[in-house]
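Only one structure is covered here, and it is reproduced in the block below.
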Amino acid sequence: MTTATATAPSGLETGAPRRSTVSKIVDRIGGGAVQVVMIVLGLFWLVPTLGLLVVSMRTTDINNSEGWWTIFTKPAELTLANYRDLLASGFTASFWNTVLITVPTTVLVIGIAAMAAYAFAWMEFPGRDLGFLIVVGLLIVPIQIALIPVASFYGGIGIFGSIPGVVLFHTAFGLPFAIFLLRNFFVGIPSSLLEAARMDGAPEWKIFVSVVFPLGKPAIASLGIFQFLWVWNDMLIALVFADTDNQPMTKALQSQMRQFGSNVDILSSGAFLSLLIPLILFFAFQRYFVQGMMAGSVK
């Protein structure tokens with residue numbers, strides 16, 4: 001008695017996934033060549049930042065007469081006078097106003113959104129699904145329609161133009177996206193971990209602090225970076241709700257442009273200072289940022 005055996009078609013291996021043409025080309029070229037290309041692309045994207053730095057360290061006359069790339073043959077043209085003039089003009093106060101707006105907003109959004117996301121993901125209470133649908137619906141509400149009503153409300157309670165008013169506005173409009181993002185991440189946490197903690201008698205707040213929050217660090221770090229950058233670079237809300245004494249850097253730079261439109265050196269030095277902190281933050285937390293972006297993409 002003979003047994004028929006099925007044979008795979010010529011050129012194909014049974015059970016082996018098909019590889020795309022791009023992956024085959026990458027293998028032939030070699031990983032080293034791909035890395036070189038990625039490094040070149042990264043350096044290319046850094047060219048505008050390098051140009052901004054060079055312009056911020058040269059005088060107005062030189063910037064008007066020469067391109068920034070001439071600095072490679074004339075390094076003696078670099079000077080820190082623009083930064084000294086900028087800091088002497090009161091830009092330091094705007095820097096600290098930006099910090100006082102951005103840091104509390106980021107902390108409030110992360111803290112409130114994480115607790116709300118945990119409740120929507122793992123706690124049973126009446127109206128949970130409806131509440132989450134309302135949160136999702138708030139994602140499409142544009143900021144512009146709330147400017148006038150909120151400004152009138154702030155004027156009535158006496159916080160219009162203050163830093164707390166700007167923080168509250170940023171927090172309110174940052175929460176819907178933050179809750180939506182973290183809730184979808186928390187849902188992916190194995191329920192067995194939470195059930196084991198409940199069987200040990202742990203209350204909900206301890207489960208959140210000891211189990212959910214540590215496991216959600218990648219998503220929370222990604223959210224924190226996004227929220228920080230959004231608030232740090234915002235100008236619309238600052239123009240509406242921050243007065244001159246409480247203005248952040250974006251509004252201060254906008255006023256400099258209005259008063260001294262030809263002073264590219266001053267504007268570029270202020271722009272580079274405002275760019276420096278987000279760059280440091282991103283490179284410091286890039287590991288968590290990548291983990292948060294990849295979270296949920298693979299099992």
| Trace of the side-chain contact (heavy atoms from CB on, under 4.5 Å) decision for Thr70 with Arg58 | CA-CA 11 Å; Thr70 59; Arg58 299 199 306 183; 3.2 Å; yes
| query | In Å, rounded to the nearest 0.5 Å, how long is the span from CG of Leu50 to CD1 of Ile71? | reply | 10.0 Å
| Stepwise side-chain contact (heavy atoms from CB on, under 4.5 Å) check, Thr102 with Ile277 | CA-CA 11 Å; Thr102 306; Ile277 298 300; over 6 Å; no
| Do Phe180 and Phe132 come close enough that some side-chain heavy atom pair is under 4.5 Å? | yes
| task | Anything under 30° is parallel, anything over 60° is perpendicular, the rest tilted; go ahead and classify Phe241 against Phe169. | result | tilted
| request: Measure the spacing between CH2 of Trp122 and CD of Glu195 and express it to the nearest 0.5 Å. | output: 8.0 Å
| said: What I'd like to find out is whether the side chain of Leu193 reaches to under 4.5 Å of the side chain of Leu215, using heavy atoms alone. | reply: yes
| field | Joint cluster assignment, Phe173 & Ile159, ILVMFWY side-chain distance < 4.5 Å | value | yes
| query | Considering residues, nucleotides and ligands other than Phe44, do more than 12 of their heavy atoms fall under 6.0 Å from its CZ? | reply | no
| Should we say atom CD1 of Ile148 is surrounded by more than 12 heavy atoms from elsewhere, each under 6.0 Å from it? | no
| query | Taking atom CD1 of Ile163 and atom CG of Asp243, what is their separation to the nearest 0.5 Å? | reply | 9.0 Å
| request: To the nearest 0.5 angstrom, please state how far the CG atom of Leu182 sits from the CZ atom of Phe177. | output: 9.0 Å
| message | Are the side chains of Thr106 and Ile110 in contact, using a 4.5 Å heavy-atom criterion? | response | yes
| query | Among the clusters formed by ILVMFWY side chains lying less than 4.5 Å apart, do Ile237 and Leu229 turn up in the same one? | reply | no
| request: Take Tyr118 and Glu204 through the test side-chain contact (heavy atoms from CB on, under 4.5 Å) and record every step on the way to the result. | output: CA-CA 10 Å; Tyr118 172 73; Glu204 294 295 336; 2.3 Å; yes
| query | Is Leu236 reachable from Trp230 through a run of hydrophobic residues whose side-chain heavy atoms are each under 4.5 Å from the next? | reply | yes
| remark: For Asn246 and Gly161, the nearest pair of non-hydrogen atoms, with its separation, is ND2-O, 2.9 Å
| query | Would you say Phe95 and Leu273 make side-chain contact, with heavy atoms under 4.5 Å? | reply | no
| request: Report whether Leu138 and Phe226 are members of the same hydrophobic cluster (ILVMFWY, side-chain heavy atoms less than 4.5 Å apart, transitive linking). | output: no
| query | Would you say Leu147 and Met235 are hydrophobically clustered, going by side-chain heavy atoms of ILVMFWY under 4.5 Å? | reply | no
| message | Looking at every non-hydrogen atom in both residues, tell me the closest pair between Ala242 and Gln247 and how far apart they are. | response | CB-CA, 4.2 Å
| said: Which label fits Phe208 and Phe213: parallel for a plane angle under 30°, tilted from 30 to 60°, or perpendicular past 60°? | reply: perpendicular
| field | Gap between atom CD1 of Ile280 and atom CG of Leu275 - 0.5 Å precision | value | 9.5 Å
| message | Any non-hydrogen side-chain atom of Val135 less than 4.5 Å from a side-chain atom of Phe120? | response | yes
| Any side-chain heavy atom of Trp232 sitting closer than 4.5 Å to one from Met249? | yes
| field | Minimal non-hydrogen separation, Asp234 against Thr250, with atom names | value | O-OG1, 2.7 Å
| query | Which pair of heavy atoms, one from Val167 and one from Leu100, lies closest together, and at what distance? | reply | CG2-O, 3.9 Å
| remark: For Ala121 and Val187 the tightest heavy-atom approach is CB-CG2, 3.8 Å
| task | Might you work through the side-chain contact (heavy atoms from CB on, under 4.5 Å) test for Phe272 and Thr49, ending with a clear yes or no? | result | CA-CA 8 Å; Phe272 188 81; Thr49 305; 4.1 Å; yes
| task | Find the distance between CE (Met115) and CH2 (Trp205) and round it off to the nearest 0.5 Å. | result | 13.0 Å
| note | Pro149 and Ile145 have their tightest heavy-atom pair at CD-O, 3.5 Å
| task | Report, as yes or no, whether the 6.0 Å neighbourhood of atom CD1 on Ile140 holds more than 12 heavy atoms from other residues, nucleotides or ligands. | result | no
